[in-house]
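One structure is given here, and the rest of the page talks about it.
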Amino acid sequence: MSSLVIVDSECANLNSIYKAARMVSLEAVISDNPKTISSARAIIFPGVGSFAHAASLISKKKLRESLLETVARGRPFLGICLGMHLLFSGSEEADLSRVNDPTEGLGAIQGEVKRFPEGLPIPHVGWNRVDPVNAHPLFAGLQKGNYFYFTHSYYARPEHKENILSLTDYGFSFPSAVINGNLYGVQFHPEKSGSAGLRLLSNFGKIIADQQ
Amino acid sequence: MLAKRIIPCLDVRDGRVVKGTRFINLKDAGDPVEMAEFYNRQGADEIVFLDITASFEKRKAIVETVEKTANVVFIPLTVGGGIDSVEFMKVLLQSGADKVSLNTAVLNNPALIQAGAERFGSQCIIVAIDAKRIGQPSPAVDSKWEVYSHGGRTPTGRDVIEWAVEAEQLGAGEILLTSMDADGTLDGYDTDLLSSVADAVGIPVIASGGAGTLEHLYEALTSGRAHAVLAASILHYGTFSIAEIKEYLVKKGLPVRPVEN
């Protein structure tokens with residue numbers, strides 16, 4: 001089994017995630033090789049940009065099966081921002097009528113990705129509080145209401161309450177972290193959230209270590 | 001609730017911080033990486049580097065600066081100054097910048113906003129606007145401001161509010177709004193300008209120019225309806241620390257991210 005793999009989704013924040021992971025002694029490789037991803041010990045799945053573009057990229061690079069394989073094997077898997085959205089099957093951001101085409105997400109968590117309602121400044125950008133719904137190792141050592149850095153116009157809404165790991169308030173309460181087994185998704189950017197973000201990445205490292 | 005952001009702005013030329021800082025005992029107050037680390041420790045919510053390097057040949061200095069900063073500072077990093085192509089945006093973003101701030105180049109070529117937003121997402125694209133008031137403030141007539149380019153040297157004939165709306169439509173994720181009238185005066189932000197733009201667009205406005213007191217920052221964030229304040233002189237000259245600013249804003253009831261220790 002190889003190492004922690006940061007999936008090369010060609011997004012701009014790839015190196016920032018790599019650097020932040022390295023800061024907390026998480027050595028990772030950046031790769032878009034399906035074999036490397038299939039055999040990864042754990043996955044970080046970053047993403048910024050648009051849902052349709054990212055989903056079609058996964059399809060083009062033939063990463064869909066590899067990613068789903070790591071999920072099925074219960075390998076620790078962390079989707080960040082758009083990477084979190086891609087854990088769901090579709091998004092209002094992409095054309096939902098085109099089911100089963102390359103704009104489909106992984107469908108690893110049931111639910112939908114919706115645009116923030118009108119009336120609030122969009123994107124939701126800046127530091128906001130994250131309240132874990134229950135104590136969880138991913139948030140170990142972090143206070144309730146710790147601030148994390150967000151920048152997004154869409155948010156994920158799991159169909160089942162038990163998939164919600166944390167909530168954040170932006171006019172209304174929306175899920176800022178989701179969970180399904182060893183699969184995690186965070187809407188905020190831990191790599192840009194100062195010491196709180198580094199702590200979360202370090203916690204993810206502990207989750208990986210505990211799998212051994 | 002979304003926190004109001006305090007953003008130090010560092011002017012960088014040929015890889016060195018230009019406006020000296022009088023107060024900090026840093027080994028090298030001219031080193032942008034060290035300055036960024038210092039403000040990060042102080043509780044800054046983001047860092048802006050404004051590259052004022054004159055010659056094109058020396059532009060790679062800012063890329064190195066960004067790369068080194070991103071190795072040690074894990075808060076959002078914005079780079080502005082002379083960015084005139086999607087290629088250069090890409091280089092900066094891959095080096096560790098999270099956002100680019102576009103000004104003169106997009107006044108000449110507004111399509112560059114769209115190209116950047118489509119390629120990297122709107123969250124990466126800040127449009128910086130240097131605004132100068134037309135005429136004297138008067139209760140009788142609505143205020144108007146003109147956009148200036150080339151670091152505030154060249155009037156463009158464009159209306160600030162119209163340009164802000166156009167920038168948003170083209171895909172800008174935030175507006176960085178500098179009042180040229182207020183800049184450097186320490187007499188307070190032009191809150192009239194700020195609120196006029198904030199009311200016209202749906203994206204966040206970052207206030208810049210004129211901060212001299214804590215009250216000024218509060219006004220920009222309340223009556224000016226800004227989401228964030230950019231600050232240079234009052235931080236660099238040690239008038240206030242970021243902790244003092246945040247403590248004051250909290251007392252006044254505004255949400256801010258606490259300074260971590």
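Residue numbering restarts at 1 for every chain, and letters A, B, ... go by the order of the sequence lines. Everything numeric here is computed off the predicted structure, so don't read it as measured data.
- Within the 4.5 angstrom heavy-atom criterion, only side-chain atoms of B:D98, from C-beta onward, approach chain A.
- Remark: A:K62 NZ is loosely packed, at most 12 non-hydrogen atoms of other residues, nucleotides or ligands lying under 6.0 Å away.
- Taking each heavy atom of B:N71 and A:M23 in turn, the nearest pair found is O-SD, 4.1 Å.
- Proximity to chain B (any heavy atom under 4.5 Å) is restricted, for A:H124, to the side chain, taken from C-beta onward.
- Heavy-atom distances place the backbone of B:V256, and not its side chain, under 4.5 Å from chain A.
- The greatest number of non-hydrogen atom pairs below 4.5 Å with chain A, out of B:G202, B:P76, B:P255, B:A3, is found for B:P76.
- A donor atom on one side chain and an acceptor atom on the other are not found under 3.5 Å apart for A:N128 and B:R257.
- A:W127 places no side-chain N or O within 3.5 Å of a backbone atom of B:R5 that could act as its donor or acceptor partner.
- Among residues 131-139 of chain A, no residue has any heavy atom closer than 4.5 Å to a heavy atom of chain B.
- The SG atom of A:C81 sits 7.0 Å away from the CD atom of B:Q123 when rounded to the nearest 0.5 Å.
- Atom CD of A:E162 sits in a crowded spot, with more than 12 heavy atoms from other residues, nucleotides or ligands closer than 6.0 Å.
- Interface check for chain A: of the options B:G173, B:A70, B:A198, the most heavy-atom pairs under 4.5 Å are formed by B:A70.
- The choice from A:G126, A:G197, A:G119 that makes the most heavy-atom pairs within less than 4.5 Å of chain B is A:G126.
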Worksheet item: Between A:Y170 and B:M1, is a side chain to side chain contact (heavy atoms under 4.5 Å, CB included) present by the stated rule, with each step listed?
Response: CA-CA 6 Å; A:Y170 189 54; B:M1 205 170 153; over 6 Å; no
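- Side chain of A:N15 to backbone of B:G96: no donor-acceptor contact under 3.5 angstrom is found.
- Using a 4.5 Å cut-off between heavy atoms, B:E168 makes no contact with chain A at all.
- Ranking B:A117, B:P258, B:S95 against chain A, the residue ahead of the rest is B:P258, based on heavy-atom pairs under 4.5 Å.
- Here the side chain of A:K19 pairs no donor or acceptor atom with the backbone of B:V73 at under 3.5 angstrom.
- To the nearest 0.5 Å, atoms CG (A:L14) and CG (B:L93) are separated by 12.0 Å.
- How far OG of A:S16 is from CZ of B:F74: 8.5 Å, rounded to the nearest 0.5 Å.
- The shortest side-chain heavy-atom distance between A:P123 and B:I203 falls under the 4.5 Å cut-off.
- If you tally non-hydrogen atom pairs under 4.5 Å between each of A:T151, A:I122, A:V125 and chain B, the highest count goes to A:V125.
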